[in-house]
J.: 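Here it is, the structure, as structure tokens.
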Protein chains: 2
Amino acid sequence: MSVSLKDVAERAGVSIKTVSNVVNNYPHVTPAMRSRVQRAIDELGYRPNLTARHLRKGRTGILALAVPELGNPYFAELAGAVIDAAAEHDYTVLLDHTGGRRAQEVLVSQGFRAQVIDGLILSPIELEREDLLARDHDAPLVLLGEREYDLPYDHIAIDNVAAARTAVRHLLGLGRSRIVFLGARTDRVNQPSQLRLRGWRAELTAAGLTAPDSLVAATGGWEHADGASAMAAVLDAGERPDAVFAYNDPIAIGAMRVLSERGLRVPEDVAVVGFDDISEGRYGAVTLTTISPDKHTIARLAVRCVVERLRGEPGPAGTDGITGPGGARELRADFRLVERESTIGGRARTAG
Amino acid sequence: MSVSLKDVAERAGVSIKTVSNVVNNYPHVTPAMRSRVQRAIDELGYRPNLTARHLRKGRTGILALAVPELGNPYFAELAGAVIDAAAEHDYTVLLDHTGGRRAQEVLVSQGFRAQVIDGLILSPIELEREDLLARDHDAPLVLLGEREYDLPYDHIAIDNVAAARTAVRHLLGLGRSRIVFLGARTDRVNQPSQLRLRGWRAELTAAGLTAPDSLVAATGGWEHADGASAMAAVLDAGERPDAVFAYNDPIAIGAMRVLSERGLRVPEDVAVVGFDDISEGRYGAVTLTTISPDKHTIARLAVRCVVERLRGEPGPAGTDGITGPGGARELRADFRLVERESTIGGRARTAG
DNA sequence: TTGAAAGCGCTAACAG
DNA sequence: CTGTTAGCGCTTTCAA
């Protein structure tokens, strides 16, 4: 087995407590004692047993992050940002993926991997209000992605309606008027998809245009293939859109593929805007205009929320958020529109 | 606090040990006693404290997986596969990313996150033989990605040389002869990049062609931008290649972008083959021919190796591997060439 | 088949 | 400033 505090104590001829004090940088230790103990530590190659420490303190130093799918670059990039943000607070991240399936999301929120984690950051897709109400687990939970819960959980998102309106406004400003929304989800409410659809509708209406259902295309999932088939369905239905606003980048890219197969030029015939700003969008034959959420801020805020709850200091909502029911915080991260070839054309070399 | 074994024992009027027996499905417990204890467990909502259990047993049930970059879809997809494979063995995965930086890789291999993990799966980029020799940590380590170590660590990879030869052979079969290798790394040995370059050279030579250095382009990194700039550099140098074999898919896609900017058609003027088979390659304007490593097998083998070492049963190397120094196993996963538009042209609708 | 007790390695009171 | 002691919740001898 590995060396323990006791071994070090014996070696240094002091008590366990003293060694512990040194290890934990307890202030009131004489320099002489400290160096003596330190030498024993070095000689024995002592390293604290975190499991024991955690048992004692009741915490593990591990946060879980559950996203729908790691294969989606947006979530992969977000996960990377969360890992880095957690490291700054001396937390380690345990990653999980739910496939966006409600059953799996419920499992995770209930603390499936629990007992091992201090807190949980969850990016739900299908999770319902009632699932959260039934949650019986004391680890702090922070939700990612906007939804209209009135539940006592901290909650971090960009303003999806505003972001969608920004995207649509951009298209309108380019003189487009038949703008398809690709990636609606009809079987659930409260999801980002619904909010983006709402933004699409609001902006069209504000411009004095109609927002017919024939321009709203549902998708079964959120990947390239889903965007491709939805786009094909719209065209096959005889629609002649002059622009597409997609739920996310993979859907937008799948759609562009189909447009080009059908001989439609992007952006001349059909302009396309995506959502998420994944790196893939920066290097296609036609680079993708997209809404870029501030992933690093999202990650930082999420980790901060969990850590503060853990410390028992929920703190004020701050300037960037409002306090909701049960002291839950609604935090907003920024977003911006990144204009690339799929809307404004041009052919900048290896555009950024 | 949560309920402990003791609480359950009191409630059921039995000893702690008996409750423990029930929880752990110890065989010799009378059905009557079992159901009585089980009722107490249910009533109190008891859940075992894993930290305590782990302290006692000396294991945590957590495996770490360290990859260079989660933002690279290949590693994100691989990570997902590892998480699933680990779950089958009741292990949880803690994810880390090293940025492919040697210092970070050394840190991780030394057990930076250690004391918390039972085993480690590492996909190194810059890690050197000597770093591993100096490793002083008892958690089993499994290496991902082929390299020519003679070190006592299990090791899982596809045959990079053979894969590269397959790719180049495909291009030669299409009548191409000036095949650029994009993504060489000159500053290190022992890396997959070196092996793929070797395969490229071997296949060209076998075909009676020369393999001039002017057709080998180094890249600073492994992303789209690196492929784009390397491709541009080759063209700017006055080379007129009729094919490109890229170290990985992002590099290949970055290169295709530049080719198209320069008015070169893919595959008519320049055929392109990538490596990794990331989903992005299936939906560009021109879908990407690529080498597809069997990620699920890699993940499954890696987890199996760690778990077996943990159980102290390294087992035979099996039919798919050979035993190396110190009983280390060299396991091979399969790969296959996926032919798409970037080499064979065509315009199948939303090709798979 | 079940109970009692020891102890994994650490931290936190409380003494000294 | 440092030592003693008592657990955190669990598994695991060893008895009964």
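Not measured: the values here are computed from a predicted model. The sequence lines fix the lettering, A, B, ..., with proteins before strands; numbering per chain opens at 1. Reckoned from all heavy atoms, side chains included, excluding hydrogens, waters and symmetry mates.
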J.: Run the side-chain contact (heavy atoms from CB on, under 4.5 Å) check on B:L151 and B:L133 step by step: do they pass?
T.: CA-CA 8 Å; B:L151 297 175; B:L133 275 175; 3.7 Å; yes
J.: In whole angstrom, what separates B:L55's CG from D:dG7's P?
T.: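 Atom CG in B:L55 sits about 17 Å away from atom P in D:dG7.
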J.: Atom CG of B:N25 and atom C1' of C:dT1: how far apart are they, to the nearest Å?
T.: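 Taking atom C1' of C:dT1 as the reference, CG of B:N25 is at 16 Å.
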J.: Return the set of residues passing side chain to side chain contact (heavy atoms under 4.5 Å, CB included) with B:R39 (not counting sequence neighbours), or none when no residue passes.
T.: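 B:R39 satisfies side chain to side chain contact (heavy atoms under 4.5 Å, CB included) with B:E43 once adjacent residues are dropped.
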J.: What residues form a salt bridge (charged side-chain N to carboxylate O under 4.0 Å, His left out) with B:D131, not counting sequence neighbours?
T.: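 Residues passing salt bridge (charged side-chain N to carboxylate O under 4.0 Å, His left out) with B:D131: B:R102.
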J.: Rounded to whole Å, please give me the gap between CD in B:E10 and P in D:dG9.
T.: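 Taking atom P of D:dG9 as the reference, CD of B:E10 is at 13 Å.
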J.: So does B:R329 pair up with B:E308, basic N to acidic O under 4.0 Å?
T.: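 Judged by the 4.0 Å cut-off on N to carboxylate O distance, B:R329 and B:E308 do form a salt bridge.
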J.: Looking at residues at least two apart in the chain, or sitting in another chain, which of them share a salt bridge (charged side-chain N to carboxylate O under 4.0 Å, His left out) with B:D7?
T.: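 Expected list: none.
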J.: Looking at A:T30, does any N or O in its side chain come under 4.0 Å of the phosphate oxygens OP1/OP2 on D:dT2?
T.: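 Checking D:dT2 against A:T30, a side-chain N or O does come within under 4.0 Å of OP1 or OP2.
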J.: Walk along nucleotides 10-16 of chain D from 5' to 3' and tag each nucleotide B, S or - by protein heavy-atom contact under 4.0 Å, base first, then sugar-phosphate.
T.: BBB----
J.: Has B:S15 got a side-chain N or O lying under 4.0 Å from the OP1 or OP2 atom of C:dT2?
T.: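 For C:dT2, OP1/OP2 do not have a side-chain N/O of B:S15 under 4.0 Å.
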J.: I'd like to check the side chain to side chain contact (heavy atoms under 4.5 Å, CB included) partners of B:A76; sequence neighbours left out, ordered by chain and number.
T.: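 For B:A76, the residues satisfying side chain to side chain contact (heavy atoms under 4.5 Å, CB included) (neighbours in sequence not counted) are A:A76.
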J.: So how far off straight is the helix from C:dT1-D:dA16 to C:dG16-D:dC1, going by the axes through five pairs at either end, to 10°?
T.: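 About 40°, once rounded to a multiple of 10°.
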J.: Check whether any side-chain heavy atom of B:I298 lies under 4.5 Å from a side-chain heavy atom of B:L331, and answer yes or no.
T.: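 Of all side-chain heavy-atom pairs linking B:L331 with B:I298, none is under 4.5 Å.
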J.: Is the shortest side-chain N to carboxylate O distance from A:E10 to A:K6 below 4.0 Å?
T.: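 Not counted as a salt bridge, because no side-chain N and carboxylate O are separated by less than 4.0 Å.
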